[in-house]
Amino acid sequence: MSANRPAAVVVLAAGEGTRMKSTTPKVLHALCGRSLVGHVVAASRELSPEHLVVVVGHAREQVSAHLAEIDAEVRTAVQHEQNGTGHAVRMGLEELSDSGVALDGTVIVVCGDTPLLTGETLQRLAAAHADDGNAVTVLSAEVPDATGYGRIVRDDATGAVTAIVEHKDATATQRAIREINSGVFAFDAQLLTDALGKVRTDNSQGEEYLTDVLGILREAGHRVGACVAADHREIVGINNRVQLAEANRLLNDRLLERAMLSGVTVVDPATTWVDVTVTFEPDSLVHPGTQLLGATHLATRAEVGPNSRLTDTAVGQGAVVAFTVAEGAEIGPGASVGPYAYLRPGSRLGAKAKAGTYVEMKNATIGEGTKVPHLSYVGDATIGEHTNIGAASVFVNYDGVNKHHTTIGSHCRTGADNMLVAPVTIGDGAYTAAGSVITKDVPPGSLAVARGQQRNIEGWVARKRPGSAAARAAEAARREGEGQQ
């Protein structure tokens with residue numbers, strides 16, 4: 001465990017985020033498979049804090065329910081009225097105090113809308129705070145364009161922070177400074193608690209500003225320092241959909257870079273999208289236009305895409321998946337899926353199995369080497385090994401009220417255009433004839449034929465469609481046949 005383990009991390013997530021223009025609370029908007037606040041909580045957890053408190057306000061019941069789903073150990077504190085960042089932090093600390101927690105050590109304050117912030121950067125902040133003996137340490141960043149941001153003003157001799165000056169209040173010299181305030185801080189817990197009690201509200205907004213704590217502590221003779229983030233993009237906050245899309249692109253690029261450096265081939269990163277929960281093994285291959293979502297996993301030499309979307313799907317070693325949508329599926333080693341296949345939840349393909357062109361599966365287990373090559377629906381079924389399902393087959397699993405199961409054994413051959421009406425069982429080694437509607441069990445090794453006898457009615461076209469193109473073609477064929485006799 002880190003020697004710089006903080007006593008608490010306080011996440012500020014009470015704001016409404018009106019610029020998102022959404023009925024969804026801002027911090028619950030998602031990128032790369034995780035909510036904005038979920039990213040911040042995950043980064044904070046990398047510090048192993050003794051306590052993690054998220055301050056909620058707007059839509060607090062919805063936000064609190066989400067937090068309980070993603071991290072059962074998170075505490076929530078309610079800011080009933082949004083009276084400023086200092087007030088929000090005070091609510092977080094009071095939640096701990098009311099629970100009998102006496103904080104001793106470092107308190108880190110982060111914003112709930114900074115999804116690109118990494119645990120590594122927070123660890124560097126905590127370490128700098130401890131090493132420099134600061135009362136408060138600001139996470140800062142050097143940006144290409146600091147317009148609109150609060151500037152970090154330092155003492156030239158000691159490097160200590162002497163002020164954070166808002167852009168509108170900055171002098172020309174201060175505006176030339178490119179180091180800005182991120183809104184993320186490390187505090188001495190006791191000094192923070194004392195200083196929050198002295199924060200005034202005599203400002204234009206009538207709010208308690210957390211940044212006022214820095215001036216209070218500095219005036220009391222305590223040192224205020226700053227730790228510069230390695231990448232200024234980490235501190236980017238999300239206030240509207242444009243910024244959400246930009247952050248999504250940045251995080252996606254970060255995830256793909258990590259995958260490629262670990263041995264994954266991504267043919268076109270610009271058209272490939274992945275969630276933070278996706279995992280890869282070396283030598284897997286991702287083609288353009290592919291989305292890998294949820295708990296999807298690609299084993300070594302697995303090949304996915306182009307133009308595929310896999311959600312919570314495991315792709316086995318050497319499997320090939322092209323032009324496919326899959327959700328909650330398991331694709332075995334060496335299996336082949338697509339093009340234009342749809343694997344719904346519960347689809348499980350064994351080693352070297354095949355779900356081919358325009359095949360849809362749901363809640364179906366397909367044995368090793370079994371093939372469903374094309375134009376078929378397989379639902380609520382178990383199929384053994386090395387069986388072949390003929391083209392245009394439908395597993396008729398729903399009677400309008402209940403779903404029923406079809407079982408097909410190993411080494412079976414079902415004909416094209418079969419309707420397999422569940423519940424039904426086809427034994428090992430059995431065959432079914434093309435065009436059959438199978439409603440009864442087929443014993444092992446049997447041939448099932450379930451179709452009407454063919455009857456040809458001679459001269460029907462000439463009598464019923466006289467003068468038609470078909471009638472003329474038939475008459476010409478008849479004459480040609482007579483001439484060849």
Side-chain angles (χ1 to χ4, degrees), residues 11 13 17 20 22-46 52 54 62-74 110-122 233-234 236-238 240-262 264 266 268-281 284 286-299 302 304-305 307-315 321 324-331 343-345:
V11 180
M20 297 297 286
S22 175
T23 57
T24 300
K26 180 176 76 167
V27 295
L28 297 191
H29 281 264
L31 69 162
C32 295
R34 186 178 281 163
S35 67
L36 300 185
V37 71
H39 283 287
V40 177
V41 166
S44 300
R45 278 297 182 206
E46 294 186 37
L52 178 53
V54 179
Q62 190 176 351
V63 176
S64 296
H66 172 72
L67 290 167
E69 289 180 5
I70 65 172
D71 189 329
E73 301 301 317
V74 165
V110 297
C111 303
D113 63 352
T114 53
L116 301 180
L117 189 63
T118 65
E120 180 181 0
T121 292
L122 289 177
R233 294 173 298 182
E234 281 194 37
V236 170
I238 308 301
N240 57 48
R241 311 284 182 128
V242 174
Q243 293 172 341
L244 182 67
E246 291 171 347
N248 203 21
R249 177 81 268 173
L250 289 169
L251 181 54
N252 193 72
D253 288 346
R254 181 193 296 174
L255 295 170
L256 291 177
E257 179 179 293
R258 184 184 306 163
M260 290 185 285
L261 291 175
S262 69
V264 179
V266 180
D268 183 16
T271 62
T272 301
W273 295 89
V274 297
D275 280 352
V276 293
T277 44
V278 172
T279 54
F280 304 89
E281 294 178 19
S284 51
V286 183
H287 288 289
T290 295
Q291 300 174 53
L292 304 174
L293 311 175
T296 294
H297 175 76
L298 271 56
V304 177
N307 301 327
S308 297
R309 187 180 77 233
L310 274 55
T311 305
D312 298 326
T313 294
V315 183
V321 182
T324 291
V325 174
E327 181 178 356
E330 297 177 18
I331 300 168
L343 303 185
R344 293 163 60 190

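Nothing here was measured: the structure is a model prediction, and the numbers come from that model.
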* Taking only residues two or more places apart in sequence or in another chain, which ones pass side-chain hydrogen bond (donor to acceptor under 3.5 Å, both in side chains) with Thr277? -> none
* Asked: Under the side-chain hydrogen bond (donor to acceptor under 3.5 Å, both in side chains) test, which residues partner Glu46, sequence neighbours left out?
  ->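 Glu46 satisfies side-chain hydrogen bond (donor to acceptor under 3.5 Å, both in side chains) with no other residue.
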Kindly give the heavy-atom pair with the smallest separation between [X] and [Y], and that separation in Å.
| X | Y | value |
| --- | --- | --- |
| Asn240 | Val242 | OD1-N, 3.1 Å |
| Gln243 | Gly237 | OE1-O, 3.5 Å |
| Val40 | Val11 | CG1-CG1, 3.9 Å |
| Asp275 | Gly33 | OD1-N, 3.0 Å |
| Leu343 | Ala329 | CB-CB, 4.0 Å |
| Met20 | Lys26 | CG-CG, 3.7 Å |

Sub-3.5 Å donor-acceptor pair from the side chain of [X] to the main-chain atoms of [Y], do we have one?
| X | Y | answer |
| --- | --- | --- |
| Ser35 | His29 | no |
| Asp113 | Val27 | no |
| Thr313 | Thr311 | yes |
| Arg254 | Leu116 | yes |

* Structure fact -> Checking Thr114, Leu31, Leu28 against Leu36 for side chain to side chain contact (heavy atoms under 4.5 Å, CB included), the one that qualifies is Leu31
* To do: Using a 4.5 Å cut-off on heavy atoms from C-beta on, say whether the side chain of Val110 contacts that of Ser44.
  => yes
* Asked: Any side-chain heavy-atom pair from Val236 and Glu246 closer than 4.5 angstrom?
  ->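 Heavy-atom side-chain distance check fails, nothing below 4.5 Å.
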With sequence neighbours excluded, tell me which residues meet side-chain contact (heavy atoms from CB on, under 4.5 Å) with [X].
| X | answer |
| --- | --- |
| Glu120 | Thr118 |
| Leu256 | Asn252, Met260, Val266, Pro269, Thr272, Val274 |
| Ser284 | Val264, Phe280, Leu298 |
| Asp268 | Ala270, Thr271, Pro288 |

Spatial distance of atom [atom1] ([X]) from atom [atom2] ([Y]) [nearest 0.5 Å]:
| X | Y | atom1 | atom2 | value |
| --- | --- | --- | --- | --- |
| Glu257 | Ser262 | CD | OG | 11.0 Å |
| Leu255 | Leu250 | CG | CG | 11.0 Å |
| Leu293 | Glu327 | CG | CD | 9.5 Å |
| Arg241 | Ser22 | CZ | OG | 4.5 Å |
| Asp71 | Glu69 | CG | CD | 12.0 Å |
| Leu122 | Arg45 | CG | CZ | 13.0 Å |

* Stepwise side chain to side chain donor-acceptor pair (under 3.5 Å) test for His297 and Thr279 -> CA-CA 5 Å; His297 175 76; Thr279 54; 2.7 Å; yes
